[in-house]
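Okay, so here's the structure we're looking at.
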Amino acid sequence: MAAEGTESVDMTGYIQHHLHHWQVKVGDSAFMTINVDTLIFTLLCAVTFLFLFVFLARRATSGVPGKLQSIVEAVVLFVDGLVKETFHGKSKVIAPMSLTMFGLIFFMNFLDLLPIDLLPWAWASGHQLAGHDPAHAYLRIVPTADLNTPLGMALAVFLMTQYVGISQKGVGHFFGEFFTAPFHAEGPIAKILLSPANLLLRLIEECVRPVSLSLRLFGNMYAGELIFVLIAVMTLGATLAHTSTWLLGFGQIVAGFGWTAFHILIITLQAFIFMVLSIVYLSMAAESH
Amino acid sequence: MTPNLTLVIQGLAFFAVVWLVMKFGWPHIIAAIEDRQNKIAEGLSAAEKARKDLADADARVADEIRKARVEAAAIIDKANQQATQIVDKARQDAVVEATKQKAIAAADIEAQAHKAREELRGKVVALAMAGAEKILKREIDANAHKALIDQLVTEI
């Protein structure tokens, strides 16, 4: 029973260790903390993304395209078509922004498909070689499973929405709509009566959007990561002497394969949904109600 | 789990990536795509034009051939006509020439015959004169009796 007890503690410790960020405090308050692992892997994804869509794009030929250029062009045309049929205003930012959202989130989500223990194990081993305690070597490699990333991007989209709204409609019209939409009224008295309701709805709407946008992505990726961790737990601390190890090992392989295959769909879908919803928000901000 | 400063950094990083893509990536890709679309459109229209040109040329060639055939037929007709004319004319000329030659020959014959007749008549006169001389047994002065002899000659 004692062995079982330590194993369960081990299990909890393993999971908690996996869900702990590599953090550096830069200030006194709890907010002044930086998740270094998130930043490093975001940078990695950004470099990959920029290599494809900026570095390669600069040498894009209008002649016969190579295979990589064909893929890049296919993605660009796909995003461009989506933006064109949803967003009717004129803006040079919306399409590249949508492409960035889709591409960057896809690459960040893709890190979830790497074996869950591979990079943290390598990191901990490196720590040990350097003479530090491997138990304190925290590493979470999926930036989108860190709430900061989806929320940061959603807030960026929020700011962009306001900017697009103001630039497409003008300041007066933009702030006027806070009081006149979605409930349209005839006559000055009805307008004044309805304006508080309009303002309230508008504020709620604006606040809910970034929250729902970020939590949808974060929830999916966090849950996905957690399930990978739980699949990994199936043979945690197991020895080949136990029959259960062989059964659970088989189950782990099947579950791991199944969830990874399913996750390919999820990571693409979530990146796509994030992009489409952002385009919809931006186009709603640009159109008069 | 609680948001921290990473949030701000990630938001700014996102904007930075968007800016890079907007400034240096997107326009190039779109330009390349549009350039290629234009090239393809031009190629297609050029091919269409070439096909039309070819059809036009074919029609023109057929037209030319038809015209040439008509012209050739006309030339052959004319040549035939001319040949007939030439033959006709030659025939006419030949007939005229033959007639002329015949006439000349006839005149010649007539003249020869006349000459022969004159000669014969002279000889007959001489013969008659010699006979009459012999018959009369005397010398007849040809000069004295010339009127008589001439009358005799015309009577013969």
Side-chain angles (χ1 to χ4, degrees), chain A residues 19 21 23 25-27 29-36 38-39 42-43 45-46 49-50 52-65 69 72-73 75-77 80 92-93 95-101 103-104 143 146-157 159-160 222, chain B residues 1-69 71:
Chain A
L19 297 180
H21 278 287
Q23 288 180 321
K25 280 188 99 54
V26 290
S29 67
F31 185 78
M32 297 304 276
T33 311
I34 291 174
N35 297 347
V36 183
T38 299
L39 293 185
T42 301
L43 190 67
C45 292
F49 173 74
L50 288 174
L52 282 176
F53 289 91
V54 173
F55 181 73
L56 281 182
R58 290 185 75 85
R59 47 186 63 192
T61 167
S62 62
V64 181
Q69 194 189 331
V72 166
E73 281 180 8
V75 174
V76 165
L77 282 178
D80 194 42
K92 282 183 176 174
V93 200
M97 191 170 187
S98 309
L99 176 68
T100 308
M101 278 188 275
L104 204 54
D146 175 2
L147 182 59
N148 289 306
T149 309
L151 195 58
M153 291 176 85
L155 287 176
V157 171
L159 291 176
M160 205 61 209
Y222 189 81
Chain B
M1 284 291 275
T2 48
N4 56 29
L5 194 60
T6 319
L7 168 86
V8 180
I9 300 173
Q10 290 290 72
L12 292 177
F14 174 66
F15 271 127
V17 175
V18 168
W19 184 78
L20 283 174
V21 171
M22 182 183 81
K23 204 79 186 166
F24 303 107
W26 186 269
H28 286 93
I29 302 175
I30 291 293
I33 291 170
E34 279 173 357
D35 226 41
R36 187 171 324 114
Q37 279 175 339
N38 286 340
K39 272 186 194 171
I40 292 170
E42 275 166 22
L44 285 177
S45 69
E48 186 58 38
K49 193 171 167 295
R51 196 158 39 227
K52 232 177 95 189
D53 283 356
L54 184 65
D56 281 359
D58 277 350
R60 223 165 33 232
V61 166
D63 208 40
E64 291 290 323
I65 288 173
R66 198 163 41 73
K67 253 193 251 168
R69 208 168 275 153
E71 263 171 41

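Hydrogens, waters and symmetry mates are skipped; everything else that's a heavy atom, side chains included, is used. Labels below follow one simple rule: chain letters A, B, ... track the order of the sequence lines, proteins then strands, and each chain is numbered from 1.
- One finds the CD1 atom of B/Ile9 at 5.0 Å from the CG atom of A/Leu39 (value rounded to the nearest 0.5 Å).
- The two atoms that bring B/Arg36 and A/Gly63 nearest to each other are NE-O, 2.8 Å, heavy atoms only.
- A pairwise comparison of heavy atoms in B/Val21 and A/Val54 identifies CA-CG2, 4.0 Å as the closest pair.
- Both the backbone and the side chain of A/Leu151 come within contact range of chain B, with heavy atoms under 4.5 Å apart.
- Only the side chain of A/Val26 comes within contact range of chain B, with at least one heavy atom under 4.5 Å from a heavy atom of that chain.
- The backbone N or O of A/Asn35 sits less than 3.5 Å from a side-chain atom of B/Thr6, completing a donor-acceptor pair.
- The candidate from A/Ala95, A/Ala46, A/Ser29 with the greatest count of non-hydrogen atom pairs under 4.5 Å with chain B is A/Ala95.
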- Report the C-alpha separation of B/Gln10 and A/Thr42 in whole Å, then their side-chain angles, then the decisive distance to 0.1 Å, and conclude whether the side chain to side chain donor-acceptor pair (under 3.5 Å) test is met. CA-CA 8 Å; B/Gln10 290 290 72; A/Thr42 301; 2.9 Å; yes

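- The local environment of NZ in A/Lys92 is sparse, with at most 12 non-hydrogen atoms from other residues, nucleotides or ligands closer than 6.0 Å.
- Here B/Phe15 contributes atom CZ and A/Met160 contributes atom CE; the two are 6.5 Å apart, rounded to the nearest 0.5 Å.
- At a 4.5 Å heavy-atom cutoff, A/Phe55 makes no contact with chain B through either its backbone or its side chain.
- Against chain A, the residues from residues 38-66 of chain B that qualify, each with a non-hydrogen atom under 4.5 angstrom away, are B/Lys39 in number order.
- Heavy atoms closer than 4.5 Å to chain A are found in both the backbone and the side chain of B/Phe24.
- Separating the CG atom in B/Leu7 from the CE atom in A/Met153 is a distance of 12.0 Å, to the nearest 0.5 Å.
- Among the candidates A/Thr33, A/Ile34, A/Asp146, the single residue satisfying the side-chain contact (heavy atoms from CB on, under 4.5 Å) test with B/Asn4 is A/Thr33.
- Contacts of B/Leu12 with chain A are absent, with no heavy-atom separation under 4.5 Å from either backbone or side chain.
- Contact detail for B/Gly25 and A/Ala57: the closest heavy-atom pair is O-CB, 3.6 Å.
- Only one option out of A/Val93, A/Thr100, A/Asp80 pairs with B/Trp26 in a side-chain contact (heavy atoms from CB on, under 4.5 Å); it is A/Asp80.
- Most heavy-atom pairs under 4.5 Å with chain B: of the set A/Ala30, A/Gly103, A/Pro96, A/Ala154, this distinction falls to A/Pro96.
- Here A/Leu56 contributes atom CG and B/Ile29 contributes atom CD1; the two are 8.5 Å apart, rounded to the nearest 0.5 Å.
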